[in-house]
Amino acid sequence: MKINRRGFIGSGIAAAAVLSSPMVMASGRPRVVVIGGGAGGATAARYLAKDSKGAIDVVLIEPTRTYYTCFFSNLYIGGVRDFTSIGHTYGKLASEYGINVVHDWATGVDKEAKTVSLAGGASISYDSLVISPGIDFVEGSVAGWDLTSQNAMPHAYKAGSQTQLLKAQIEAMPTGGTFAMVAPPNPYRCPPGPYERVSMVAHLLKNINPTAKILIVDPKEKFSKQGLFEEGWSKHYAGMIERVGPDFGGANVEVRPDSMEVVIDGDVEKVDVCNVIPAQKAGIIAELAGVTNDSGWAPVTAHDMKSKMDDNIYVLGDASAQGDMPKSGFSANSQAKVCSMAIRGALTGSKVFPAKFANTCWSLIDTNDGVKVGAAYEATDEKIAKTSGFVSKTGEDDAMRKQNYEESVGWYEGITADMFG
Amino acid sequence: MLFGVFPAFSQNDVEAGAKVFRTCKSCHSIGPDAANRTGPHLNDLFGRAAGSIEDFKYSKDMMRAANGGLVWDIEHIDMFIEKPKSLIFKTRMAFRGVKDPVDRANLMAFLRQFSDDPSNIPEAEPTMAAVDPDVHPLILAIEGDKEYGAYLSGECTTCHRVDGEDDGIPSIVGWDVEDFVTALHAYKNGHRLHQVMEMTAKRLSEEEIASLAVYFSEL
């Protein structure tokens with residue numbers, strides 16, 4: 001392992017913080033600190049608390065008091081769901097599962113002292129640390145865009161106020177205006193997500209602004225469920241959606257937030273709304289903890305999601321580099337259960353079973369036109385490896401597509417109950 | 001499932017089948033004057049897409065199976081008659097099933113007379129013995145490990161809710177162990193169709209299915 005300068009300085013600061021700020025003391029029970037209350041972290045915290053029946057002291061660090069799921073946020077944009085339906089709070093995790101929910105930002109990890117420092121000044125010690133922070137954006141990946149431009153050109157790729165902002169901008173578009181999306185390069189959170197979003201934007205525009213256009217600028221040759229989306233777009237939104245792939249300059253893009261322009265391979269397009277989804281990397285705390293590598297993601301062992309950089313740290317979900325699983329809420333939830341079982345085994349001696357992973361992603365193309373893709377995975381010494389999979393087919397009948405959608409609604413209720421109790 | 005496991009129809013007795021049909025008659029009719037009653041009419045049953053009789057109100061679970069592509073071929077009719085719940089968990093067909101494979105074969109021989117072109121009924125080997133088309137008793141006898149089931153259940157609870165809500169996705173809580181094992185094996189063997197469930201069940205071992213069944217039966 002390479003000890004870099006930042007890691008060294010970071011640990012020094014954390015050690016100083018231990019002396020000067022209130023410290024939550026370990027009480028004899030082993031303590032697991034979980035950073036991030038999304039599909040990976042909330043699930044891990046809940047399963048650790050539930051299955052250890054109080055034998056493990058679980059601390060969950062999550063800055064937001066109401067968590068908005070990225071999955072189904074596109075359905076809010078499309079007007080299929082209301083905003084409150086994708087918001088969740090942590091009350092049950094605290095009251096029913098005894099989890100110590102701390103609403104604060106984790107700002108550093110001291111791997112030697114095994115402590116997490118918080119923006120509020122506190123430092124919390126751990127026996128095992130689970131880092132599940134989701135994604136952050138790679139600076140400079142879209143020329144002309146940085147976080148200060150996110151009001152003019154929202155990413156809406158972390159759900160919440162950004163999602164509301166994007167929807168409001170689409171609703172305010174002039175008649176016949178243009179919605180542009182700068183799609184991200186691989187790998188990124190939720191592979192079908194940008195294209196489900198395009199579908200839902202088209203659905204909304206078809207109702208309120210049917211002469212509007214959608215322009216996708218995409219650095220990728222191919223994308224997830226491409227055949228299904230393209231079939232659906234020509235069926236439901238004929239003539240509305242245009243995609244510029246890398247063969248026509250989709251990878252050579254610059255945005256100008258001040259003048260609302262998108263420059264594709266030198267050609268300037270004036271647009272009315274621009275959704276910029278930049279290239280992604282592990283949430284910054286994983287980097288600060290020193291568990292990421294040059295790829296920007298955190299490599300983990302497939303059997304238990306343990307970091308390859310530190311024996312007491314586990315990384316879940318989007319932030320991890322684990323092998324074949326897509327970065328999705330379903331994947332994070334699946335990994336969290338394997339991980340919490342492994343941690344319980346290590347800390348309390350409970351039985352450890354072989355890892356099993358699964359993922360299914362549903363996408364909505366139009367009202368009652370849902371499609372899905374899924375796969376099963378196993379742990380090998382090298383990576384999480386795909387063993388089998390399926391994907392919806394083009395030309396399926398309406399009844400099956402409607403059932404897919406209804407199933408996805410059931411899944412949403414299922415996974416959020418699995419995360420938040 | 002090989003067709004060969006079904007008893008030879010040539011040996012089957014349509015008249016004996018008509019007698020078995022008496023137990024069905026209170027709800028189903030068949031023949032020239034057949035109409036929908038408590039259950040749908042059974043003319044042209046062989047090869048019929050499940051849930052396809054218009055104006056008949058099917059159960060939610062039957063419609064799920066229908067949307068998944070269930071067609072009433074001989075294998076599925078046989079499974080359904082044997083134990084309706086194993087194929088369609090919350091079917092409205094409140095009927096315990098016909099356990100004896102010979103009775104079922106006779107009944108199907110009777111029913112096929114009212115289907116135009118039951119081409120999917122094979123010519124069976126006359127010497128072929130009747131075997132249980134469904135889950136072998138030895139599989140049903142496997143004792144599950146509840147703790148293992150609890151761990152494995154994590155894969156189920158991403159979609160199926162433990163509070164028993166069944167909006168969009170059926171509830172799997174509190175099932176009889178045998179029903180649960182039978183249903184998962186039906187997906188594993190491809191009798192029941194559903195992309196996610198077939199994928200999930202296919203990689204579960206018989207022990208793992210038994211373990212899940214015990215765990216969910218006691219929730």
Side-chain angles (χ1 to χ4, degrees), chain A residues 39 43 47 50-51 329-338 340-341 344 350-360 362 370 372-378 387-393 396-419 421, chain B residues 49-52 58 60-71 144-173 187-188 190 193-205 207-209 211-212 215 219:
Chain A
T43 306
Y47 273 71
K50 169 172 83 74
D51 295 340
F330 198 123
S331 293
N333 170 270
S334 173
Q335 293 159 9
K337 291 169 197 174
V338 169
S340 66
M341 172 195 61
R344 273 199 306 125
S350 65
K351 230 172 176 173
V352 176
F353 300 104
K356 266 185 189 231
F357 304 96
N359 176 62
T360 299
W362 288 265
K372 61 187 170 190
V373 60
Y377 305 85
E378 63 180 16
T387 54
S388 62
F390 65 84
V391 60
S392 293
K393 294 177 181 62
E396 280 168 346
D397 63 27
D398 294 350
M400 177 167 260
R401 292 296 178 82
K402 179 163 188 273
Q403 178 160 307
N404 283 341
Y405 168 63
E406 287 168 356
E407 206 172 270
S408 74
V409 174
W411 162 77
Y412 186 88
E413 297 305 320
I415 191 173
T416 50
D418 209 32
M419 291 162 63
Chain B
S52 64
Y58 293 95
K60 204 152 93 176
D61 276 13
M62 181 65 86
M63 288 318 292
R64 278 195 185 110
N67 294 337
L70 176 64
V71 171
D145 173 347
K146 200 177 148 192
E147 194 185 351
Y148 190 27
Y151 163 62
L152 292 168
S153 75
E155 189 171 345
C156 316
T157 55
T158 305
C159 300
H160 296 279
R161 292 176 61 172
V162 290
D163 60 8
E165 283 292 319
D166 66 348
D167 224 11
I169 288 184
S171 167
I172 54 171
V173 173
Y187 285 120
K188 190 176 169 72
L193 301 175
H194 187 273
Q195 287 175 313
V196 181
M197 285 310 302
E198 286 173 77
M199 179 182 81
T200 304
K202 273 186 180 126
R203 68 169 178 162
L204 290 170
S205 68
E207 286 74 18
E208 288 172 334
I209 288 175
S211 300
L212 282 166
Y215 175 74
L219 269 193

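Values reported hereafter were calculated over all heavy atoms of this structure, with side chains retained and with hydrogens, waters and symmetry mates removed. No experiment lies behind these values; they were computed from the predicted model shown. Numbers restart at 1 for each chain; the letters A, B, ... are given by sequence-line order, proteins then strands.
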Query raised in the report: Could you walk me through whether B:Glu208 and A:Lys356 pass the salt bridge (charged side-chain N to carboxylate O under 4.0 Å, His left out) check?
Result: CA-CA 12 Å; B:Glu208 288 172 334; A:Lys356 266 185 189 231; 3.0 Å; yes
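Side chain to side chain, A:Ser350 and B:Tyr151 fail the donor-acceptor criterion of an N or O pair below 3.5 Å.
Heavy atoms of A:Met400 lying under 4.5 Å from chain B belong to its backbone as well as its side chain. Heavy atoms of A:Gln403 lying under 4.5 Å from chain B belong exclusively to its side chain.
Smallest separation of non-hydrogen atoms from B:Thr158 and A:Lys337: OG1-NZ, 2.9 Å. The minimum heavy-atom distance linking B:Ile169 with A:Gly410 is given by the pair CD1-C, 3.8 Å. When all heavy atoms are compared, the tightest approach of A:Trp411 to B:Cys159 is CD1-SG, 3.5 Å.
For the set B:Glu147, B:Arg203, B:Lys202, B:Glu165, the count of heavy-atom pairs under 4.5 angstrom toward chain A peaks at B:Arg203. When each of A:Ala376, A:Gly374, A:Ala375 is scored by its heavy-atom pairs under 4.5 Å with chain B, the top score falls to A:Ala376. The greatest number of non-hydrogen atom pairs below 4.5 Å with chain B, out of A:Ser388, A:Ala399, A:Ser392, is found for A:Ala399. Residue with the most contacts toward chain A among B:His160, B:Met199, B:Arg64: B:Met199 (heavy-atom pairs, distance under 4.5 Å). Put simply, of A:Phe357, A:Tyr405, A:Tyr412, the one with the most heavy-atom pairs under 4.5 Å next to chain B is A:Phe357.
With sequence neighbours excluded, no residue forms a salt bridge (Lys or Arg N to Asp or Glu O under 4.0 Å) with B:Asp167. Residues satisfying the ring-ring contact (aromatic ring centres under 6.0 Å, His included) test with B:Tyr148, not counting sequence neighbours, are A:Phe353.
Side chain of B:Glu155 to backbone of A:Ser334: no donor-acceptor contact under 3.5 angstrom is found.
Interatomic distance, CD of A:Glu407 versus NE2 of B:His194, reported as 3.5 Å (0.5 Å rounding). Within the model, atoms CG of A:Asn333 and OG1 of B:Thr157 stand 7.0 Å from one another, a figure rounded to the nearest 0.5 Å. Summarising the geometry, atom NZ belonging to A:Lys351 is positioned 4.5 Å from atom CG belonging to B:Asp145; distances are rounded to the nearest 0.5 Å. A distance of 9.0 Å separates CE in B:Met63 from NZ in A:Lys402, rounded to the nearest 0.5 Å.
Other residues, nucleotides and ligands contribute more than 12 heavy atoms inside 6.0 Å of the NZ atom of B:Lys60. For B:Lys146, the NZ atom is loosely surrounded, since the number of other residues' heavy atoms within 6.0 Å does not exceed 12.
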